[in-house]
K.L.:
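Sharing a structure with you now.
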Amino acid sequence: MNEHHNPKSMSERADELEEEKMHEMERIITKSTFGYLMDGRVEMDAGAGMMARHPGRYFLMGDDPRLPKMPAKPTLVDYFRRRFASTAHLVQSATHALKDGQPEKVVLACLLHDIAVVSFIRCDHGYWGAQMIEPYVDEEVAWAIKMHQALRFFPDDSVGYGYPELYKKFFGPDYKPEPYILEEYNRARQHKWYMTSRLICVNDIYSFDPNAKVNIDDFVDIIGRNFKQPKEGLGFDNSPSAHMWRTIMWPTRFL
Ligand SMILES: [Fe+2]
Ligand SMILES: [Fe+2]
């Protein structure tokens, strides 16, 4: 007998597995349009269609069971431990700044400079990261993180900062920052806090030692003194960026 199978493509099978996994779960887990855009698709999970495919189930409106559980009143350190995909680069940058004798403000800026990359989004990560922390830190720290987005592309011989070799490898030798980055750099150059942001670049360790022992525990005191941890928990405090923290906590919440 000549059985004729229509072999499923890898992505069809992956979709099926995803679907099966979802059936095992209590709630229907959806992906935001932005998640599809990141896959190169302009799509969305339509409510009615999803309901029809998962009869008798409701949409997820809180904790995603696939992710580490967050405490009821999360702190910045809880996000470091349970939502930041990688913290070695941040802790190493902060350690570098600390050993260099930099003030705590700079150490904190180094510790938080790439939190957007490790928890949220790469594109324009300096801007996103600055917004996330703005309500909780000294204005200068948020400004420095915002501006490192542009500054890291431009050398400053006065502090021994050259264009990163790694960027030549990453973006090609001909990469030129866009005009908005150049304009931001020119603005930052004139600013009284220029050097604070520049110090993020100086302490930005591009090739860190994978064996160096670094731990966020070593920075709990500096965070305690320089980051205004809201008593309601980061995300539940009604600050202008609380929703960003909630989204990182509940990335698959339906609405
Ligand atoms: Fe960065
Ligand atoms: Fe960095």
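Both counts, for ligands and for their atoms, begin at 1 and track the order of listing.
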K.L.:
Using 30° and 60° as the class limits, which term best fits the ring planes of Phe80 and Phe84: parallel, tilted or perpendicular?
P.N.:
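Phe80 vs Phe84 ring planes: tilted.
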
K.L.:
Check for me: within less than 2.8 Å of the Fe ion (ligand 1), which protein N/O/S atoms show up?
P.N.:
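Under 2.8 Å from the Fe ion (ligand 1) - ignoring waters, which are not counted - the protein N, O or S atoms are Asp114 OD1, His125 NE2, His148 NE2.
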
K.L.:
With the threshold set at 4.0 Å, does a side-chain nitrogen-carboxylate oxygen contact exist between Asp237 and Lys73?
P.N.:
no

K.L.:
Could you tell me whether Lys31 sits above the aromatic face of Tyr36, with NZ or CZ closer than 6.0 angstrom to the six-membered ring centre and within 45 degrees of the axis?
P.N.:
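Lys31 over Tyr36 ring: yes.
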
K.L.:
Of all N, O or S atoms in His89, identify the one at the shortest distance from the Fe ion (ligand 2).
P.N.:
NE2

K.L.:
Could you check whether the rings of Tyr127 and Tyr180 sit parallel, tilted or perpendicular, using 30° and 60° as the cut-offs?
P.N.:
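The arrangement is tilted - the two ring planes meet at 30° to 60°.
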
K.L.:
In terms of relative ring orientation, are Tyr175 and Phe153 parallel, tilted or perpendicular, with 30° and 60° separating the classes?
P.N.:
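If you compare the ring of Tyr175 with that of Phe153, the planes turn out tilted.
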
K.L.:
Answer yes or no: are there more than 12 heavy-atom neighbours, outside Met51 itself, under 6.0 Å from its atom CE?
P.N.:
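Count over threshold, so yes.
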
